[in-house]
Colleague: 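Pasting a structure below so you can have a look.
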Amino acid sequence: MNSRYEFAAIEKKWRAEWEKNPVNKEDDKKPKYYCLDMFPYPSGTGLHVGHWRGYVLSDVISRYKLLQGYQILHPMGWDAFGLPAENYAIKTNTHPEVSTKANIANVKRQLHEISAIYDWSREINTTDKGFYKWTQWIFARMFEKGLAYEKEMPLNWCPSCKCVLANEEATNGVCERCGSQVTKKNLRQWMLKITNYAERLLNDLDKLDWPEKVKKMQSDWIGKSYGAEVDFKVDGTDKKITVYTTRPDTLYGATFMVLSPEHKLVKEITTDECRQAVEDYCYQASTKSSVDRMSDKEKTGVFTGAYGVNPLNNALIPIWVADYVLADYGTGAIMCVPAHDERDFEFAKKFNLPIIQVIKPKDEEEKELTEAYTGDGVMVNSPLFEGMTAFEAKEKAPHMLEEKGLGKKTVNYKLRDWVFSRQRYWGEPIPLVHCPHCGTVVVPDDQLPVELPEVENYKPTDTGESPLAAIDSWVNTTCPKCGGPAKRETNTMPQWAGSSWYFLRYADPHNDKELASKEALKKWLPVDMYVGGVEHAVLHLLYARFYTKFLYDIGVVDFDEPFLKLFNQGMINKDGSKMSKSKGNVVSPDDLVKKYGCDSLRMYELFVGPPEVDSEWDDSGIDGVFRYLNRVWKFIYTYKDKNHAPTKESDFVKNTMIDQITKRLEALTTNTVVSGFMEYTTKMIDIAKAQDGIDKSCIEDLLILLAPFTPHIAQELWSDTGHEGSIFDTSWPKADLSKLTVDEITIPLQINGKFRENLKISAESDKETVLAKAKEVLATRLAGKTIVKEIYVPNKIVNIVVK
RNA sequence: GCGGACAUGGCGGAACUGGCAGACGCGCCAGACUCAAAAUCUGGUUAUGGUGACAUAGUGUGGGUUCGAUUCCCACUGUCCGCACCA
């Protein structure tokens, strides 16, 4: 054993050994633990220290569970289809297939530097034919079950990516990928009925051990609301307008109605005098981008000339058209109660429409409203709800209206169906064929995968058509049903398609008969721990849950939630902002590994701050853990042959260390795990120095505890201290709690809540003894004062209250 | 606008269910070793006053509950995040 910690040689040696003999072996006698990272998209810029954070954490968890006697599935793969990969290819003028391959090679090299226990025999790649065959297979099942449908509607269109976007990809009216402003384009697209699953996606959140923040984001995104649909007759016609409202209690306060510009009754009810203005308005609304439409501060709108009839009191109220009403939520039409809704209030003020108050705030005089009142209160001017409070009426109104045949109780969701087709080359072809006789026909399973053809020109077009549409030899095919000439669907799937189910494939990655065998799925799934960034809270994580529930429904899997526990690691910032190439603040792990070694960097990644919180990267901080590992090396080098019988002291330190490290690791507060290592190692070294030797088991347990964090040095020292084989074949030590008791305790003494002295006293002392001793110690400070109260919290504190 | 999270030394951060604030690390200062430097080791490091043991103040601001508050409650300020006309 060398007296110096030669990390480079040690790490090289053990990495080679572990490549030959992986420490993680399958053993069906053991319980399973599936620890998964959100698989990366193979980016051209490679990994930085921020990426390491999550990968190190999941590896530490995997190795810890391994030592606890589990068989571990800890796989890695590539999310390689989709816009990021394709945009990178276009930018560098390389075919996406070529650039993706090169990027994977580079990122894979970097991942090896982490020395994680990935099972590379299970590596997957969403762009492999053997993989996307099953991505298509799942789509085919959805199509058969009626969950995939085609619809023409105004969609989010990114002019830079030249592609439609799902709602989840266009939050704030900005393209999730490139940051361009999203416009609207009327297109015929494939949709997935994720809304069929809205209720289950919402309710089952309760089952999940996920960060509350992510659950809340999902439930807000699903956006369930309770209310009523109410029918308003259009005066002088036989038509009726159905509105959705969450405040049916305020029905008597409705003074006008608003239809969205896209509402199909707009044309039919508009009077001739108003027709020109309404048509102009609707045309303008249709050309506005969603950003413009949202960012308009002033409300706009036009009167249709028609009137609706309030079903409760037959009052005639004007019907307007305004773009603040969304076509695709509720019924696309609303009743407006300006007295009790902020938006309606603003609109009424601007267009001088009447305001009728139907809720009187409690303990307040009636006065003219200067803003909408949305709180609770007493119902007024509302015969049907006489004597109720507003919130009471809100509860009861849907039912009351239903009984009267004026409306019905309704539930609405903000969640929209998932726009599933993309006008891009680099994605899974949608396995459908359009036949002039048979209509849209799904490609039979035995003809899957529908392969992505190799093309010269993969760049997106401006027409809203995929580049695939230009390849006649690929587009023209025969109908699987009638054998006649037919055309292939030319859109591809969005980048989320593969990642919505990839975690299943790891269980059985080479299966060409099924997406994964029943046995393999039963053995490994669901995922026990999922580690990744919070940016996928409503994208990938929602889609993956939807896919899993669908596969559960058709009997492919026997669980309906894919990820039991989710951990979101925080971002690592540099100089106060997110690392990015353009800011030039990217810290590469490669250099740090060279300078300090993999073990030091792993440990520092965990030490830099609480893992769920964003942290600031400081290069000099790694010196601390590097020094620590050198201290460990020197400690063991010095004392490995100086065994000393266990003492009360050494037992106490050893067992507190085991107890604390385990507790802190279970809580995933890894920064305190590392500080614990430093603290307890120092204490051990002090003991060893004092008695010139140390109980061998102290060293052994320290090394096993260190193994998940710094595997190379732990293994090297394990071998150097005369142990055969892998340290990962040992097991995680258990603290002997009986060794944690002490004879003498130190109790802080306070006077009036302020710390004054410490009292050392036998741990068995009773209250009287402690208080008597305490007063003795504090005697000079208590002289001349009157004791009002004496407080003793056993083993914690003494507080004497004086006047 | 609505909703959520957070606020502790020069810096990153500890403090379990209310009980010695500042663990651990970085940085800095001093000392040891050295011809010297690096590395390493030892000690110090919230502020103010004092040679000193010690005293006083102190966890964004103002209040409250309590013997005792970084921790609980109320109001405010600031930072970050999510949603954003969802009727």
Side-chain angles (χ1 to χ4, degrees), chain A residues 4 171-173 211-214 216-218 220-221 223-225 227 243-248 250 254 257-258 260 293-297 299 322-337 340-344 346-347 374 412-416 534-535 537-538 571 573 603-604 607-610 612-628 630-631 634 660 663-664 667 669 671-682 746-759 788-793 795-802:
Chain A
R4 286 188 50 186
T171 53
N172 293 319
E212 284 309 312
K213 180 189 162 125
V214 175
K216 185 160 193 322
M217 279 169 74
Q218 289 215 354
D220 284 353
W221 189 261
K224 184 177 187 177
S225 69
V243 304
Y244 172 69
T245 177
T246 55
R247 295 297 303 270
T250 63
M257 305 175 70
V258 177
S260 74
R293 208 164 143 167
M294 283 191 301
S295 64
D296 274 348
K297 286 195 189 89
K299 295 233 175 329
D323 68 3
Y324 80 91
V325 175
L326 306 174
D328 55 357
Y329 179 78
T331 60
I334 59 170
M335 67 170 202
C336 298
V337 185
H340 306 294
D341 181 282
E342 282 162 29
R343 294 147 304 182
D344 299 345
E346 198 191 317
F347 196 83
T374 54
N412 254 303
Y413 301 92
K414 288 188 197 175
L415 184 71
R416 311 294 150 91
V534 75
E535 65 272 16
V538 287
M571 259 183 349
N573 297 327
M603 198 168 224
Y604 184 54
F607 188 51
V608 73
E612 73 280 7
V613 173
D614 290 357
S615 296
E616 172 74 18
W617 186 266
D618 175 8
D619 266 348
S620 63
I622 196 175
D623 283 318
V625 292
F626 183 66
R627 282 175 200 147
Y628 167 70
N630 276 285
R631 272 203 304 279
K634 209 172 130 192
Q660 283 299 312
K663 277 185 183 148
R664 295 175 189 187
T669 55
N671 52 328
T672 63
V673 171
V674 177
S675 72
F677 272 126
M678 294 170 169
E679 200 182 332
Y680 298 116
T681 306
T682 304
T746 305
I747 298 178
L749 307 179
Q750 299 182 333
I751 297 177
N752 287 346
K754 280 210 161 70
F755 169 75
R756 291 303 165 193
E757 307 274 347
N758 274 321
L759 173 67
V788 182
K789 204 171 179 181
E790 296 169 7
I791 290 148
Y792 174 55
V793 183
N795 300 335
K796 280 245 170 97
I797 205 150
V798 170
N799 188 15
I800 312 276
V801 185
V802 297

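Order of the sequence lines fixes the chain letters, A, B, ..., with proteins taken first and strands second; residue numbering starts at 1 for each chain. Keep in mind that what you see is a predicted model, and the values were worked out from it rather than measured.
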Colleague: Pick base, sugar-phosphate or nothing for Gln750(A), based on heavy-atom distances below 4.0 Å to the nucleic acid.
Modeller: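 Here Gln750(A) touches the bases of the nucleic acid.
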Colleague: Counting only Watson-Crick or G-U wobble pairs whose two distances fall under 3.5 Å, which nucleotide matches C41(B)?
Modeller: G31(B)
Colleague: So, taking the atom named CG in Leu415(A) and the one named OH in Tyr329(A), what distance separates them when rounded to the nearest 0.5 Å?
Modeller: 11.5 Å
Colleague: Could you tell me how far C16(B) sits from A53(B) if I compare only their C1' atoms? Round to whole Å.
Modeller: 34 Å
Colleague: Taking donor-acceptor contacts at under 3.5 Å, does the side chain of Lys299(A) reach the base of C85(B)?
Modeller: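 In this structure, the two groups form a donor-acceptor pair.
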Colleague: Syn if the chi torsion is within 90° of 0, anti otherwise; quick check, which is G9(B)?
Modeller: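 Syn for G9(B); the angle stays within 90° of 0.
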Colleague: Give Lys414(A) one of three labels, base, sugar-phosphate or nothing, depending on what nucleic acid heavy atoms sit under 4.0 Å from its own.
Modeller: base
Colleague: What are the two closest non-hydrogen atoms of Thr250(A) and Val337(A), and how far apart are they?
Modeller: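 Reported closest heavy-atom pair: OG1-CG2, 3.4 Å.
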Colleague: Need one value for Asn671(A): base, sugar-phosphate or nothing, where a base atom within 4.0 Å counts as base even if backbone is also close, heavy atoms only.
Modeller: sugar-phosphate
Colleague: Write down the distance between CZ (Arg4(A)) and C1' (A38(B)), rounded to a whole number of angstrom.
Modeller: 12 Å
Colleague: With a cut-off of under 6.0 Å to the ring centre and 45° to the axis, is Lys299(A) in cation-pi contact with Tyr324(A)?
Modeller: yes
Colleague: Can you tell me if the side-chain N/O atoms of Lys789(A) get under 4.0 Å from OP1 or OP2 in C67(B)?
Modeller: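 For C67(B), OP1/OP2 do have a side-chain N/O of Lys789(A) under 4.0 Å.
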Colleague: What contact category does Arg631(A) fall into here, base, sugar-phosphate, or nothing, at under 4.0 angstrom with non-hydrogen atoms?
Modeller: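 Sugar-phosphate, backbone atoms only, no base.
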Colleague: For G3(B), which nucleotide is its Watson-Crick or G-U wobble mate, given both distances must be under 3.5 Å?
Modeller: C81(B)
Colleague: Please report the distance separating the C1' of U51(B) from the corresponding atom of U34(B), rounded so that it comes out in whole Å.
Modeller: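 That atom pair is separated by 33 Å.
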Colleague: According to a strict under-4.0 Å criterion, is Arg664(A) in side-chain N/O contact with OP1 or OP2 of A23(B)?
Modeller: no
Colleague: Please figure out whether Val793(A) or Asn752(A) has its closest RNA chain B nucleotide nearer the 5' end.
Modeller: Val793(A)
Colleague: Considering only atom C1', compute the distance from C85(B) to A21(B) and round it to an integer number of Å.
Modeller: 48 Å
Colleague: Whole angstrom is fine here: how far is it from CH2 in Trp617(A) over to C1' in C11(B)?
Modeller: 16 Å
Colleague: Going by purine N1 to pyrimidine N3 plus the second Watson-Crick contact, or the G-U wobble pair, all under 3.5 Å, which nucleotide sits opposite U66(B)?
Modeller: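 Pair assignment: U66(B) / none.
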Colleague: Hunt down the Watson-Crick or G-U wobble partner of A55(B), both distances under 3.5 Å, from any strand shown, or write none.
Modeller: U48(B)
Colleague: Using the C1' atom in both, what is the distance from G10(B) to G22(B), to the nearest Å?
Modeller: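 Each nucleotide's C1' atom is 14 Å from the other's.
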Colleague: Can you tell me if Glu342(A) has over 12 outside heavy atoms packed within less than 6.0 Å of its CD?
Modeller: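 Not buried by this count: 12 neighbours or fewer within 6.0 Å.
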Colleague: Mind checking the P distance from A7(B) to U17(B)? Whole angstroms is fine.
Modeller: 15 Å
Colleague: Between Arg627(A) and U40(B), does any side-chain N or O lie under 4.0 Å from OP1 or OP2?
Modeller: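 Yes, Arg627(A) has a side-chain N/O under 4.0 Å of OP1/OP2 on U40(B).
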Colleague: Taking for each residue the nucleotide of RNA chain B with the nearest heavy atom, is it Val613(A) or Lys213(A) whose nucleotide lies nearer the 5' end?
Modeller: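 Checking each residue's closest nucleotide, the 5'-ward one belongs to Val613(A).
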Colleague: Please tell me if Tyr324(A) has a side-chain N or O lying less than 4.0 Å from either OP1 or OP2 of A87(B).
Modeller: no
Colleague: Which value, in whole Å, describes the distance between the C1' atoms of nucleotides G62(B) and G82(B)?
Modeller: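 Between the two C1' atoms, the distance is 30 Å.
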Colleague: State whether Thr746(A) places a side-chain N or O below 4.0 Å from either non-bridging phosphate oxygen (OP1 or OP2) of C20(B).
Modeller: no
Colleague: Which is true for Lys754(A) with a 4.0 Å heavy-atom rule: it touches a base, it touches only sugar-phosphate, or it touches nothing?
Modeller: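 Sugar-phosphate, no base atom in range.
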Colleague: Partner lookup for G12(B), please. Criteria are Watson-Crick or G-U wobble with both distances under 3.5 angstrom; report none if nothing qualifies.
Modeller: C24(B)
Colleague: Which whole number of Å gives the distance between the P atom of U48(B) and that of G63(B)?
Modeller: 25 Å
Colleague: Quick one: look up who G18(B) pairs with, Watson-Crick or G-U, both distances under 3.5 Å, and put none if it's unpaired.
Modeller: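 Looking at the geometry, G18(B) pairs with no nucleotide.
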Colleague: Quantified in whole Å, what is the C1' atom distance between nucleotide C26(B) and nucleotide G13(B)?
Modeller: 11 Å
Colleague: Checking Trp221(A) against Tyr413(A) for the ring pair (Phe, Tyr, Trp, His ring centres under 6.0 Å) test, could you report, in this order, the C-alpha distance in whole Å, the side-chain angles of both residues, the deciding distance, and whether it holds?
Modeller: CA-CA 9 Å; Trp221(A) 189 261; Tyr413(A) 301 92; over 10 Å; no
Colleague: Looking only at heavy atoms, which two atoms of Val243(A) and Thr331(A) are closest? And how far apart?
Modeller: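 Distance-wise, the nearest heavy atoms are CA-OG1, 3.4 Å.
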Colleague: How would you label the contact of Thr669(A) with the nucleic acid (heavy atoms, under 4.0 Å): base, sugar-phosphate, or nothing?
Modeller: nothing
Colleague: Which whole-number value in Å describes the distance from Phe626(A) CZ to A38(B) C1'?
Modeller: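 Roughly 14 Å, once rounded to whole Å.
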Colleague: How is Val608(A) classified with respect to the nucleic acid when contacts are heavy atoms under 4.0 Å: base, sugar-phosphate, or nothing?
Modeller: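 Contact class for Val608(A): sugar-phosphate only.
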Colleague: Can Arg247(A) and Asp341(A) be counted as an ion pair, charged N to O under 4.0 angstrom?
Modeller: no
